[in-house]
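Below: the structure, in structure tokens.
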Amino acid sequence: SQKIEQNSEALNIQEGKTATLTCNYTNYSPAYLQWYRQDPGRGPVFLLLIRENEKEKRKERLKVTFDTTLKQSLFHITASQPADSATYLCALEGAQKLVFGQGTRLTINP
Amino acid sequence: NAGVTQTPKFQVLKTGQSMTLQCAQDMNHNSMYWYRQDPGMGLRLIYYSASEGTTDKGEVPNGYNVSRLNKREFSLRLESAAPSQTSVYFCATRWRLQPQHFGDGTRLSIL
């Protein structure tokens, strides 16, 4: 069956370091993958989209990679700040619907 | 410019009661979605509507019904609420295959 897994439920990082979140999937051949940010009490907000023919995508301090051979996406936040603390969700496209991972709760410690 | 508006924000029900969660969008998007979010489970799709007049089941449709009233509004109904339906419910919209836009959720507790 199709499965999406984000490597950890929670991740604690020191301010200024690079945070790396992982999204693995099985039994999918997605055309693209998306990353969302969710703050407590709020709905998810779209951050980045990467297509299957793109290896890497950047937006300011954010970087996403997509390896269709490993069936994995990595989400990096460089020079992390306490304001980056949130839950991050990956999502894959399947039959005009998005399927979400369970999320990783990231905490950046000052 | 509200985007996606969900009402109510909070609700407490007793087992067996019914209620309708409302979602309205002003983004002119064709597709609308209802998800539930439970701890450790991520977002799970309940129902979606690819366009006005159509609805389809998602991953967890049992116990729910939906109505796509018009292009702007997509409601989710619980006919006979059960404690297992305690969750946070999110509505989302989408234009074609663009990223989804979410409301801020309805927190529903069923006693």
Side-chain angles (χ1 to χ4, degrees), chain A residues 1-11 21-25 27-28 30-54 57 59 62 64 73 75 86-106, chain B residues 2-10 21 23-25 27 29-51 54-61 66 74 76 87-108:
Chain A
S1 62
Q2 296 175 325
K3 204 172 179 183
I4 301 172
E5 280 190 353
Q6 295 188 239
N7 64 324
S8 55
E9 281 195 21
L11 190 63
L21 284 63
T22 304
C23 178
N24 295 296
Y25 60 94
N27 297 323
Y28 271 111
Y32 52 86
L33 184 146
Q34 301 180 28
W35 283 89
Y36 289 76
R37 168 181 173 144
Q38 186 174 22
D39 291 291
R42 305 299 300 272
V45 174
F46 170 74
L47 294 174
L48 280 169
L49 179 153
I50 185 166
R51 292 180 169 78
E52 60 177 341
N53 60 348
E54 297 175 316
K57 199 84 168 277
K59 179 182 176 183
L62 308 180
V64 173
S73 175
F75 177 82
T87 295
Y88 292 85
L89 307 168
C90 67
L92 295 177
E93 183 76 30
Q96 297 189 354
K97 297 173 287 186
L98 285 182
V99 181
F100 285 84
Q102 79 275 26
T104 295
R105 188 174 67 253
L106 176 66
Chain B
V4 181
T5 302
Q6 292 185 237
T7 54
K9 294 191 187 310
F10 303 92
L21 281 62
C23 176
Q25 54 120 344
M27 307 179 80
H29 289 173
N30 285 333
S31 301
M32 297 185 75
Y33 305 81
W34 275 106
Y35 295 90
R36 60 177 290 173
Q37 188 174 38
D38 302 291
M41 300 289 288
L43 286 161
R44 291 184 291 168
L45 183 64
I46 304 171
Y47 270 94
Y48 69 103
S49 170
S51 61
T54 68
T55 60
D56 285 287
K57 294 178 181 179
E59 180 186 356
V60 288
V66 291
F74 188 37
L76 178 72
S87 188
V88 182
Y89 291 85
F90 287 99
C91 175
T93 70
R94 191 182 199 188
W95 171 249
R96 294 185 179 174
L97 296 182
Q98 296 300 306
Q100 294 189 3
H101 295 260
F102 286 83
D104 280 336
T106 293
R107 282 139 190 86
L108 182 61

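Both backbone and side-chain heavy atoms feed into the values below; hydrogens, waters and symmetry mates do not. Predicted model, so just to flag it, every value in this text is computed and none were measured. Here is how names work: the chains are called A, B, and so on, in the same order as the sequence lines, proteins then strands, and each is numbered from 1.
- Side-chain atoms of Phe90(B) and Gln38(A), non-hydrogen and from C-beta on, do get closer than 4.5 Å to each other.
- Contact annotation for Arg44(B): neither backbone nor side-chain heavy atoms come within less than 4.5 Å of a heavy atom of chain A.
- Separating the CG atom in Leu45(B) from the CZ atom in Phe100(A) is a distance of 9.0 Å, to the nearest 0.5 Å.
- Gln34(A) has its side chain out of reach of Gln100(B): every pair of non-hydrogen atoms, C-beta onward, lies at least 4.5 Å apart.
- Inter-residue side-chain proximity for Tyr35(B) and Leu98(A) is flagged as met; some heavy-atom pair is nearer than 4.5 Å.
- The heavy-atom pair separating Pro44(A) from Leu43(B) by the smallest distance is CG-CD1, 3.8 Å.
- In this structure, Glu54(A) places its CD atom where more than 12 heavy-atom neighbours from other residues, nucleotides or ligands lie under 6.0 Å away.
- A distance of 6.0 Å or more separates the ring centres of Phe102(B) and Phe46(A).
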Start with the C-alpha distance between Glu93(A) and Arg94(B), add both sets of side-chain angles, then the distance that settles salt bridge (Lys or Arg N to Asp or Glu O under 4.0 Å), and finish with yes or no. CA-CA 13 Å; Glu93(A) 183 76 30; Arg94(B) 191 182 199 188; 2.4 Å; yes

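- Looking only at distances, no side-chain donor or acceptor of Asp104(B) sits under 3.5 Å from a matching main-chain atom of Arg42(A).
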